[in-house]
Amino acid sequence: GRGMRCQLQLPLTLSVVRALLVDVAGEPYAIPLGFITRTLRLPESEIASTEGRQHFSFEGRRVGLLSAHQVLGRAGAPRGASLPVVVLGDTDRRYGVVVDAFIGERELVVQPLDPRLGKVQDIAAGSLMEDGAPVLIVDVDDLLRSVEKAAAAGTLGAVHTAAAAATLGSKRVLVVDDSLTVRELE
């Protein structure tokens, strides 16, 4: 005669995002498709360097190249003869981010991070994959701001490829000239 009361709380709306899953240092990260210009496999021979910054040619323009390991604060470096690159941004500010591998495209339910964590740099939210494994969703605008800040401060490192790793022990020469053309030529 006392009865029982059950209360269920269901979310009224779910935020779903279509994202590309990439592997960075053995961890999956999701990049929303709306921010991706293109994905490609970049041969090492197409990587150029100007004033210590690496870039490659994409649609007739130079696009800055950086490693997801450095931006996301993960140990390690990409390996292989051709590097998987995600081209992010718009026509004014576009960067190529080197990842370890492309995992695939997924539709993910966005789950906000716990407010006690505060703002996690370069991360917008989290989600769960089909097998229950957690995945972090990248905040692309924040990531681009971090890249530009590191580039302005001169702390943006080079992408260490297999060829670059072989030359790390070689000697270096400092070339000083006020002309960019002469420095590149020398």
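Small disclaimer: the values here were computed from a predicted structure and weren't measured. Atoms considered below: every heavy atom in the structure, side chains included; atoms not considered: hydrogens, waters and symmetry mates.
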> Would V86 end up clustered with I103 when hydrophobic side chains under 4.5 Å apart are linked, directly or stepwise?
Replying inline: no
>> When you group the ILVMFWY residues by side-chain heavy-atom contacts below 4.5 Å and let the links chain together, are L72 and L117 in the same group?
In response: yes
>> Whether the S49 and H55 side chains hold a donor-acceptor pair (N or O, under 3.5 Å, no angle test) is what I'd like checked.
In response: no
Give, for atom [atom1] of [X] and atom [atom2] of [Y], the distance between the pair rounded to the nearest 0.5 Å.
X: Q111; Y: D114; atom1: CD; atom2: CG; result: 12.0 Å
X: T39; Y: L33; atom1: OG1; atom2: CG; result: 9.5 Å
X: S15; Y: I137; atom1: OG; atom2: CD1; result: 8.0 Å
X: E44; Y: L83; atom1: CD; atom2: CG; result: 6.0 Å

> Does anything in residues 122-135 pair up under side chain to side chain donor-acceptor pair (under 3.5 Å), and if so which pairs, sequence neighbours excluded?
Replying inline: R106-E130, D122-S146
>> Taking the basic N atoms (NZ, or NE/NH1/NH2) and the acidic carboxylate oxygens, is any pair closer than 4.0 Å for R94 and E59?
In response: yes
Looking at [X] and [Y], what are the two nearest heavy atoms and their distance?
X: V135; Y: A30; value: CG2-N, 3.8 Å
X: E105; Y: R18; value: OE2-NE, 2.9 Å
X: A125; Y: V110; value: CB-CG1, 3.5 Å
X: A68; Y: V99; value: CB-CG1, 4.1 Å
X: G96; Y: V63; value: N-CG1, 3.5 Å
X: V140; Y: P32; value: CG2-CD, 4.2 Å

Please examine the side chains of [Y] and [X], heavy atoms only from C-beta on, and report whether any two atoms are closer than 4.5 Å.
X: M4; Y: C6; answer: yes
X: F35; Y: V138; answer: no
X: F56; Y: V87; answer: yes
X: I36; Y: I31; answer: yes
X: Y29; Y: L136; answer: yes
X: Y95; Y: L65; answer: no
X: H69; Y: V98; answer: no
X: V120; Y: L113; answer: yes

>> Quick test of your reading: applying salt bridge (Lys or Arg N to Asp or Glu O under 4.0 Å), list the pairs with at least one residue in residues 143-152, sequence neighbours left out, ordered by first then second residue.
In response: R93-E148, D142-R145
>> So, applying side-chain contact (heavy atoms from CB on, under 4.5 Å) with L143, which one of L66, I123, L88 is it?
In response: L88
> F102 and side-chain contact (heavy atoms from CB on, under 4.5 Å): which partner among L21, V85, V22?
Replying inline: V22
